[in-house]
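Following: one structure in structure tokens, then a few remarks.
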Amino acid sequence: MTTRRLVLSRSAAIVGAASTGLLLPEIVRAQSAKVRVGFMLPYTGTFAQLGVAIENGVRMAIAEQGGKLGGRDIEWFKVDDESEPSKGVENASKLVQRDKVDVLIGTVHSGVQMGIQKVARDSGVLNLIPNAGVHAATRALCAPNVFRTSFSNSQPTLALGEAMVKRGHKKAVWITWKYAAGDEAFEGFKESYTKAGGTIVKELGLPFPNVEFQALLTEIASLKPDAVACFFAGGGAAKFIRDYAAAGLKGKIPLYGSGFLTEGVLDAAGPAADGIITTMHYSDSLDTPRNKQFRTAYATQFKMQPDVYSVQGYDTGLLLAQGAAAVKGDLSNKAALYKAMEGAVIDSPRGKWSMSKSHNPVQDIYLREVKNRENVVIGTAAKALADSGAGCKMG
Ligand code: PHB
């Protein structure tokens, strides 16, 4: 009670000062006793599990750091963004304007991220992106207050093309959901595959989050490529893997993908996933003490296996904790906060990584194969891969 009264009277004084124009509303917000952290993630729809895995990861990392940020307690807020781009700005504004969060953690879907990006740029609120790979977020629309802890959409597939050609697959069909994530994953694939001497015989697509794959699988069967490469994720990915096998293509036309295809879906996909080869900045089987300790702790706490989304959430928590510690919890000290986050080296279960100048991870990309419900590392497809950051000017 005492604390609350203290906070109220202190914020009343600050609001008084603000109304005389002495303080900006932003400063009023930064002075409140608890750090306000908002999750804007999908908790329904085809990416629902991704949102949960990310939130689990963030909470676990912060709990391991003592459950505080730079010595301050945390108040959590949550919005289900439903992976619905048309509500992106509105949902981000709920957290920023209504809940007055100090940090917005979100999101998964590239189209929804475009809404967050706008709100983050307009308001100056710190935004940590724990998944959405949309290029613009760390290229033309990059911002000092936006940091991504995951990947850019073309990063995993830039490592895929050469791996496929090396395995003798010279003619491929590409298939994806037609939206920013699929289109930009294709950019990476096209560059790497054609450079290595491969030919893309056909690009196939369907709208997100449609899962009526049948007609497209029939077309793949008649095209008879050497291999298929794709971008799908979440519930839709599990269905694609099962439908691919049910259509009789498994074992005839090898299936490749950016690694999201086989993340968090291996139980749902079952044996239909065996043998799928993907490229990704994480693998379940990474044989390091850091990864093993993380996997055991996560499985014990949440009663399920972690995946790349849990890792990205975890790293988001680590980054935020490091930044907050550097400014002793004073998140209004933006210059020092951003400098600490820009210089952070994240000791991740995926391996250590650092931020590029445009605030995207510089990271290794692994080649993995699904064996018995696990993404097993079979090689390194790229070392210290950075996104180009093309067009990024930190204002
Ligand atoms: C995206 O929309 O950026 C996205 C969604 C799910 C993934 C990867 C990327 O697994």
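Residue indices begin at 1 and follow the sequence shown. One-based numbering, in listed order, for ligands and for the atoms of each.
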>> Using modelled atom types and a 3.5 Å cut-off, is there a donor and acceptor pairing between side-chain atoms of S356 and backbone atoms of N360?
In response: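 It does hold such a pair.
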Numbering the atoms of ligand 1 from 1, which are under 4.0 Å from a heavy atom of [X]?
X    : value
A233 : 6 (C), 7 (C), 10 (O)
A132 : 3 (O)
G133 : 3 (O)
N131 : 4 (C), 5 (C), 6 (C), 7 (C), 8 (C), 9 (C)

>> Angle between ring planes, H169 versus Y256, binned at 30° and 60°: parallel, tilted or perpendicular?
In response: perpendicular
> Using 30° and 60° as the class limits, which term best fits the ring planes of F47 and F208: parallel, tilted or perpendicular?
Replying inline: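 Rings of F47 and F208: tilted, as their planes differ by 30° to 60°.
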>> Looking only at the side chains, is there a donor atom on one of W353 and D364 sitting less than 3.5 Å from an acceptor on the other?
In response: no
>> If only side-chain N and O atoms count, and only distance matters, is there a donor-acceptor pair under 3.5 Å linking N375 with Y282?
In response: no
> Taking atom CD of E369 and atom OG1 of T262, what is their separation to the nearest 0.5 Å?
Replying inline: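 So the CD of E369 and the OG1 of T262 are separated by 10.5 Å.
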> With a 4.5 Å limit on heavy-atom distance, are the side chains of I129 and T149 in contact?
Replying inline: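 Side chain of I129 against side chain of T149, heavy atoms only: no contact under 4.5 Å found.
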> Looking at ligand 1, does any of its N/O atoms fall within less than 3.5 Å of an N/O of S110?
Replying inline: yes
Which residue holds the protein heavy atom closest to [atom], what is that atom called, and what is the gap in Å?
atom                    : value
atom 2 (O) of ligand 1  : Y179 OH, 2.6 Å
atom 10 (O) of ligand 1 : Y309 OH, 2.7 Å
atom 1 (C) of ligand 1  : V108 O, 3.2 Å

> Looking only at heavy atoms, is any part of A181 under 4.0 Å from ligand 1, and if so is it the side chain, the backbone, or both, or is it neither?
Replying inline: side chain
> Of the backbone atoms (N, CA, C, O) and the side-chain heavy atoms from C-beta on, which set of F151 has a member under 4.0 Å from an atom of ligand 1: side chain, backbone, both, or neither?
Replying inline: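 Near ligand 1, F151 shows its side chain, while the N, CA, C and O stay back.
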